[in-house]
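Counting starts at 1 for both ligands and their atoms, following the listed order. This structure is a prediction, so every number in the text was calculated from the model and none was measured.
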Amino acid sequence: MKTPIIIYWLRQDLRIADNQALHYAANNGTVLPVYIWDEVNSQEFTLGAASKVWLHYSLQNLNQNLENKLAIYTGNPLDILLELCTRYKITQVVWNRCYEPWQINRDKNIKHHLMTKNIQVTSFNASLLWEPWEIQKKDGSYYKVFTPFYRNGCLQATQPRQPLAVPREISYFQAENTLAVEDLSLLPTIDWYSKTLTDWQIGEQGAQQKLWWFVEKALYNYKEGRNLPAKRYTSLLAPHLHFGEISPNQIWYVVKQLPEEQNIDCFCSELGWREFSYSQIYFNSDLPWQNLQRKFDKFPWQHNQDKLRAWQRGMTGIPIVDAGMRELWQTGYMHNRVRMIVGSFLVKNLLIDWRYGAKWFWDCLFDADLANNSASWQWIAGCGADAAPYFRIFNPITQGEKFDPDGEYIRKYIPELRQLPTKYIFNPIDAPSAVLKNANIILGETYPMPIVDIKESRQQALDAFKAFSAE
Ligand SMILES: Cc1cc2nc3c(=O)[nH]c(=O)nc-3n(C[C@H](O)[C@H](O)[C@H](O)COP(=O)(O)OP(=O)(O)OC[C@H]3O[C@@H](n4cnc5c(N)ncnc54)[C@H](O)[C@@H]3O)c2cc1C
């Protein structure tokens with residue numbers, strides 16, 4: 001056995017290629033790979049139901065890739081790491097950094113305690129192209145607007161790290177008394193999830209396949225195609241990135257090796273938005289719950305449970321919104337364009353606080369990511385950094401016409417509207433009664449009447465904004 005034994009603590013880096021901490025541990029000793037499930041201490045940021053399902057399968061896949069040597073525990077990570085160090089006389093622990101504020105605090109605390117026991121702790125960046133503190137303005141402040149963040153910050157900074165290969169040889173240490181993935185009870189007792197998983201191959205190999213599928217089949221239509229929810233022109237890499245089954249560096253260097261052109265630039269800038277979200281959460285630890293623009297603290301949000309429920313269930317009577325919400329429920333994913341439409345509808349047409357929307361997404365998305373979700377919802381609500389101004393309100397009917405021109409996406413997720421001619425599918429109340437009858441639709445029975453009038457609710461939102469800005 002190669003000495004010393006080094007604990008490699010895994011969190012959101014569930015892969016073996018391009019893994020800095022694993023690489024270090026494998027090169028310098030025998031690796032004890034550890035995963036700790038600590039639901040109690042993660043408090044309100046405990047994973048949503050969809051994320052737990054993903055994690056279950058991702059850990060299974062990872063364990064296979066680690067030759068079934070993953071040591072799994074539940075409980076307080078500090079206690080468990082200390083216990084392992086004592087039991088096996090280990091003096092080195094490594095991990096890849098996490099950037100959610102509660103994880104940063106936890107890790108600082110653990111590092112401090114381990115170091116007081118003479119245990120060496122080394123951490124690495126394996127999930128961002130640039131560390132948040134590397135991309136700052138000349139005056140030392142952080143960027144609040146995306147374009148300068150990306151163009152003047154990221155693209156002018158040192159090139160991202162080149163990806164690492166899988167370590168040529170890994171010698172593993174087998175710990176005792178470890179749990180199996182199944183013991184974490186991450187899967188719900190009622191099987192709502194099997195069907196949602198059919199389009200996904202969870203784990204590192206699945207992530208690589210998705211990347212290569214995207215490069216071959218979708219990347220060269222990305223710039224325009226990424227706005228069309230009925231087509232598959234985006235990478236669908238988000239959950240794989242969130243769980244660290246693939247690194248942004250692996251993606252970056254695969255696409256950057258291709259001849260330069262606009263689709264590639266556009267795709268890379270979306271990876272840049274991910275970096276921007278992480279920068280925001282790093283410099284604003286209360287991003288998940290606190291309006292970045294504090295004047296929004298006084299915004300007169302409405303508390304309407306019925307409307308919130310209708311939105312969550314895809315029963316608002318506005319087809320593109322309902323299609324999106326049902327896509328989310330049925331697949332654990334929602335197309336980005338539609339995320340913007342349903343988000344705008346919730347906060348602007350229904351005047352419901354963005355935090356309710358973020359919470360629902362957190363529970364339902366396979367790619368639920370605290371930085372991306374919080375930053376995107378704040379952007380939609382108009383209260384975030386570089387946010388869309390509040391008066392720019394998406395019209396969900398014209399958005400449907402523009403981005404789902406044949407009504408294909410709506411028909412896919414709302415079968416009860418399938419027979420409606422495309423002309424009326426974006427707003428069925430405009431259809432003459434004979435057309436509705438022919439399509440077997442009774443509004444209010446087979447499909448809901450709109451829960452709000454789009455024009456009136458738009459005006460109401462503008463009035464509310466004006467009134468609160470004037471205060
Ligand atoms: C209201 C709302 C909530 C969102 N919540 C999340 C979330 O919880 N998790 C999440 O990963 N993304 C979130 N997004 C951003 C975006 O919708 C998804 O990243 C994207 O749809 C994922 O699909 P894809 O992997 O095919 O993306 P692609 O278009 O193929 O993009 C590649 C990668 O770039 C990143 N990316 C793309 N668009 C954005 C963006 N606007 N902001 C930040 N990163 C981006 C993602 O990591 C994505 O996987 C949210 C957007 C909105 C409007």
Side-chain angles (χ1 to χ4, degrees), residues 12 45 47-48 50-51 54 100 127-129 146 149-150 199-200 207 210-211 213-215 217-219 221-229 231-248 250-252 254-255 263-281 287-288 311 321 324-325 327-328 331-348 352 354-388 394 399:
Q12 280 163 227
F45 299 118
L47 297 192
S51 300
W54 191 285
E100 287 83 353
S127 64
L128 290 177
L129 294 167
F146 173 71
F149 167 84
Y150 185 61
D199 285 342
W200 301 99
K210 247 308 130 60
L211 173 61
W213 165 85
F214 173 67
V215 168
K217 303 269 195 269
L219 175 60
N221 281 312
Y222 184 76
K223 191 163 187 264
E224 297 301 323
R226 63 185 287 270
N227 279 311
L228 306 174
K231 311 284 177 214
R232 283 249 161 133
Y233 287 129
T234 70
S235 70
L236 301 175
L237 281 166
H240 301 287
L241 268 166
H242 171 75
F243 285 95
E245 296 168 356
I246 193 166
S247 74
Q250 291 173 301
I251 302 172
W252 182 267
V254 164
V255 299
N263 287 295
I264 292 174
D265 288 348
C266 178
F267 178 69
C268 287
S269 78
E270 292 307 317
L271 292 175
W273 271 100
R274 178 175 180 271
E275 302 284 315
F276 187 51
S277 299
Y278 274 84
S279 163
Q280 286 178 68
I281 204 165
L287 183 80
W311 178 82
V321 173
M325 298 309 293
E327 179 185 25
L328 175 62
T331 68
Y333 177 82
M334 192 195 300
H335 188 276
N336 179 59
R337 166 61 48 185
V338 192
R339 291 187 203 202
M340 293 196 281
I341 299 171
V342 304
S344 168
F345 182 78
L346 183 80
V347 295
K348 296 183 181 173
I352 292 179
W354 61 270
R355 282 159 281 221
Y356 287 99
K359 195 165 186 294
W360 185 251
F361 272 32
W362 180 256
D363 205 33
C364 300
L365 278 172
F366 281 138
D367 61 55
D369 180 278
L370 202 60
N372 274 352
N373 197 38
S374 314
S376 301
W377 274 99
Q378 293 231 22
W379 182 87
I380 287 284
C383 56
D386 197 10
F394 282 104
Q399 287 279 310

Trainee: Report, as yes or no, whether the 6.0 Å neighbourhood of atom CD on E224 holds more than 12 heavy atoms from other residues, nucleotides or ligands.
Mentor: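 It does not: E224 CD has 12 such atoms or fewer within range.
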Trainee: Using a heavy-atom cut-off of under 4.0 Å, does the side chain or the backbone of W362 touch ligand 1, or both, or neither?
Mentor: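 Looking at W362 and ligand 1, no heavy atom falls under 4.0 Å.
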Trainee: At under 4.0 Å between heavy atoms, which part of L241 makes contact with ligand 1: side chain, backbone, both or neither?
Mentor: side chain
Trainee: So do the side chains of L128 and R274 get within less than 4.5 Å of each other, counting heavy atoms only?
Mentor: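 Touching, per the 4.5 Å side-chain cut-off.
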Trainee: Any heavy-atom pair between the side chains of R232 and D199 that's under 4.5 Å?
Mentor: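 D199 vs R232: side chains touch.
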Trainee: Give a yes/no on ligand 1: does F267 have at least one heavy atom closer than 4.0 angstrom to it?
Mentor: yes
Trainee: Which of the numbered atoms in ligand 1 are under 4.0 angstrom from any heavy atom belonging to L236?
Mentor: 24 (P), 25 (O), 26 (O)
Trainee: Taking 4.0 Å as the limit for heavy-atom contacts, which would you say applies to F214 with ligand 1: side chain only, backbone only, both, or neither?
Mentor: neither
Trainee: Do we see a donor-acceptor contact under 3.5 Å between the side chains of Y233 and N263?
Mentor: no
Trainee: Would you say W379 and Q280 make side-chain contact, with heavy atoms under 4.5 Å?
Mentor: no
Trainee: Which residue supplies the protein heavy atom nearest to atom 5 (N) of ligand 1, what is that atom called, and how far is it?
Mentor: N373 OD1, 3.1 Å
Trainee: Do Y333 and L328 touch side chain to side chain, with heavy atoms closer than 4.5 Å?
Mentor: no
Trainee: I want to know whether F361 and W377 have ring centres closer than 6.0 Å.
Mentor: yes
Trainee: Is the closest heavy atom of S376 to ligand 1 under 4.0 Å?
Mentor: yes
Trainee: Parallel, tilted or perpendicular, judged at 30° and 60°: which one describes the rings of W54 and F366?
Mentor: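 Taking F366 first and then W54, their aromatic rings sit tilted (interplane angle of 30° to 60°).
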Trainee: Hey, is A368 touching ligand 1 through its side chain, its backbone, both or neither, going by heavy atoms under 4.0 Å?
Mentor: backbone
Trainee: Using distance alone, decide if ligand 1 has a nitrogen or oxygen within less than 3.5 Å of any nitrogen or oxygen in E270.
Mentor: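 By distance alone, the answer is yes.
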Trainee: Counting neighbours of OH on Y356 that are heavy atoms of other residues, nucleotides or ligands and sit closer than 6.0 Å, is the number greater than 12?
Mentor: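 Atom OH in Y356 is not crowded, with 12 or fewer foreign heavy atoms closer than 6.0 Å.
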Trainee: Hey, does R339 have a side-chain heavy atom less than 4.5 Å from the side chain of L365?
Mentor: yes
Trainee: To which protein heavy atom is atom 31 (O) of ligand 1 closest, and what is the distance rounded to 0.1 Å?
Mentor: Y222 OH, 3.6 Å
Trainee: Tell me the nearest of S235, G225, A381 to atom 30 (O) of ligand 1, using heavy-atom distances.
Mentor: S235
Trainee: So do the side chains of E100 and Q12 get within less than 4.5 Å of each other, counting heavy atoms only?
Mentor: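 Answer yes - side chains close enough.
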Trainee: Does any N or O of ligand 1 fall below 3.5 Å from an N or O anywhere on N336, backbone included?
Mentor: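 Yes; the residue has a nitrogen or oxygen that sits under 3.5 Å from a nitrogen or oxygen of the ligand.
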Trainee: Once the angle between the rings of F149 and F276 is folded into 0 to 90°, is it parallel (under 30°), tilted (30 to 60°) or perpendicular (over 60°)?
Mentor: tilted
Trainee: So for ligand 1, is T234 a polar contact partner (N or O within less than 3.5 Å, distance only)?
Mentor: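 So ligand 1 has an N or O lying under 3.5 Å from an N or O of T234.
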Trainee: Identify the protein heavy atom lying closest to atom 40 (C) of ligand 1, giving its residue, its atom name and the separation to 0.1 Å.
Mentor: W273 CB, 3.9 Å
Trainee: Just need the protein heavy atom nearest to atom 43 (C) of ligand 1, so name the residue and atom and give the distance.
Mentor: N372 OD1, 3.2 Å
Trainee: For ligand 1, which part of F276 has a heavy atom less than 4.0 Å away: the side chain, the backbone, both, or neither?
Mentor: neither
Trainee: Considering distance alone, does some N or O of Y333 sit under 3.5 Å from an N or O of ligand 1?
Mentor: yes
Trainee: Which of the atoms of ligand 1 are close to R274, meaning less than 4.0 Å from one of its heavy atoms?
Mentor: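 Atoms satisfying the 4.0 Å criterion: 43 (C), 44 (N), 47 (O).
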Trainee: Would you say the side chain of L271 lies within less than 4.5 Å of the side chain of L241, judging by non-hydrogen atoms?
Mentor: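 Touching, per the 4.5 Å side-chain cut-off.
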Trainee: Distance check, rounded to the nearest 0.5 Å: N336 atom CG versus N227 atom CG?
Mentor: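 Reported value, rounded in 0.5 Å steps: 8.0 Å.
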Trainee: Nearest heavy atom to atom 33 (C) of ligand 1 wins, so pick from D367, L237, L271.
Mentor: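 Ranked by closest heavy atom to atom 33 (C) of ligand 1, first place is L271.
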Trainee: Could you pull out, from A375, G272, G357, A238, the option with a heavy atom nearest to atom 48 (C) of ligand 1?
Mentor: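 Minimum heavy-atom distance to atom 48 (C) of ligand 1 goes to A238.
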Trainee: Check each atom of ligand 1 against the heavy atoms of D369 and keep those under 4.0 Å away; list them by number with element.
Mentor: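 What qualifies from ligand 1 is 7 (C), 8 (O), 9 (N).
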Trainee: Should H242 be listed as contacting ligand 1, given a heavy-atom distance under 4.0 Å as the test?
Mentor: no
Trainee: Among protein heavy atoms, which lies nearest atom 18 (C) of ligand 1, and at what distance?
Mentor: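 Heavy-atom neighbour on the protein nearest atom 18 (C) of ligand 1: R339 NH1, 3.8 Å.
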